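To start, the structure under review is shown below, and the notes come after it.
In this text the structure is predicted, and so the values were computed from the model without any measurement. First listed ligand is number 1; within each ligand, the first listed atom is number 1.
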Amino acid sequence: MDGKRSNPAKHRVGESSAADRKTMDRRRFLAGAGLAGAAVAGAIPVRAQTLAKPDPAITEVPDWSRYLGDGVAARPYGSPSSFEKHVVRRDVEWLTASRESSVNFTPLHELDGIITPSGLCFERHHGGIAEIDPAQHRLMINGLVEKPMVFTLEDLKRFPNRMNRVYFLECAANSGMEWRGAQLNGCQYTHGMVHNVMYTGISLKSVLDQAGIRPNAKWLLVEGADSAGMTRSIPIEKALKDCMVVWGMNGEALRPEQGYPLRIVVPGWEGNMWVKWLRRIEVGDQPWQHREETSKYTDLLENGTSRRFTFVMDAKSVVTNPSPQAPLKHKGPNVMTGLAWSGRGTVTRVDVSIDGGKNWHTARLDGPVLPMSLTRFYFDIDWNGQEMLVQSRAFDSTGYVQPTKEELRKIRGVNSIYHNNGIQTWFVHKNGETENVEVS
Ligand code: MTE
Ligand code: CO
């Protein structure tokens, strides 16, 4: 896999040392590189080629223009062009002990717009993909309710007030390998535990209302039907505010990887709480303190104590192009692009730097800018082949500004593997090759 470095064993979670860090001295870089030629472009005319000799791509008739193509019966469920075979989720073999309790990553550098195609949404599961027969699947509500209830999928689909919402899901462990220094070479690996999907379903509140929650209800336990039987506690305020019970993603049924036939959506909060293959909701008066919210998915601090719950995913962004898997190929006009998101609201602004954070330029947001959704940004440059230290920083509707990794480490230390939303730096070499570094 592309992201692997020379000595994989050295780079397991929590084992990389300070010496492993790829740190660039920002001042030295600035002194040496000289950014005079790095024009921040307004409107750059892209120069068309003048043809010195006949181009066979124009003068020869290709096979696809000579022969009939597949008919309508050949592809009842479409898939991407065979020339797009490299656009796939990828995993890092040495990262986890088994493939069933593991993760793969969204190829962010190959995507555009804000919606993640269903087949490319990263997967994180603790006990493999459950293959559930929807006719046999039930959702049970019990605990502190007036009337414990069991719903079939068909029951849920007959609820009024069906709704569609676009939300990002980010695993708390996204960028977790980068706490101690730059490590994985590719935004797919450093930031690819995020996806952005339009969900179809109903509000969790409408399901709870059917059962009638008791006045002393304070927390919910949501449980999956996979072999991991994942459980998480969710505060009742959040559950009633904007959580959803969903069966649809991007206009069709959930994919098995994403929890077919039913999952819970917890907008803006860490992905681990978005229980897939949802089969039970228990209403209680306190959190359950299960494994996934105690020994895992809590933030270990420098002094050995842990933050109890860190539900919300703070504002974060990354330049996806250029990045190590998507180097710059042309001098002159280039479109830099990336993604920004915030679990606290809407992305209001994204800045891009090409000199390691010394100067910032406001990027252009394009496409829908929705709360708790990925937001696309573009930054057009005229690149004369000079070295660049490319960064982005996100601002959100609460006034929060994405911190540098240094700022983050001052407060959080480097023991955690969760909630790393520090600013990412890519070093673009003169030949356009790009690598994961840090600036100091
Ligand atoms: N739900 C169940 N039942 N089992 C799981 O292993 N993994 C969780 C969460 N829900 C998990 C689960 C974690 S850690 C994350 S980050 C998200 O699902 C990943 O969602 P995805 O596979 O759609 O990307
Ligand atoms: Co996760």
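The nearest non-hydrogen atom to atom 3 (N) of ligand 1, considering only Leu278, Asp226, Asn272, comes from Asp226. When the options Arg263, Glu223, Glu257, Arg124 are ranked by their closest heavy atom to atom 20 (O) of ligand 1, first place goes to Arg263.
At the top of the distance list for atom 17 (C) of ligand 1, counting protein heavy atoms only, stands Gly271 O, 3.4 Å. Regarding atom 5 (C) of ligand 1, its nearest protein heavy-atom neighbour is Met230 CG, 3.3 Å. Of the protein's non-hydrogen atoms, the one nearest atom 10 (N) of ligand 1 is Trp274 O, 3.1 Å. Closest to atom 1 (N) of ligand 1 among all protein heavy atoms lies Lys276 N, 2.9 Å.
Arg393 forms a cation-pi arrangement with Trp360, by the criterion of a distance under 6.0 Å to the ring centre and an angle within 45° of the ring axis. Within the cation-pi definition used here (under 6.0 Å to the ring centroid, within 45° of the axis), Arg165 does not qualify as a partner of Tyr199.
A salt bridge links Glu282 with Arg280: the distance from a Lys NZ or Arg NE/NH1/NH2 to an Asp or Glu carboxylate oxygen falls below 4.0 Å. Between Glu433 and Lys329 there is no salt bridge, since no side-chain N of the basic residue sits under 4.0 Å from a carboxylate O of the acidic one.
For the side chain to side chain contact (heavy atoms under 4.5 Å, CB included) with Val246, the qualifying choice from Leu262, Ile264, Leu254 is Leu254, the only one to do so.
Note: no N/O pair closer than 3.5 Å links Trp277 and ligand 1 by distance alone. At least one N/O-N/O distance between Phe122 and ligand 1 falls below 3.5 Å.
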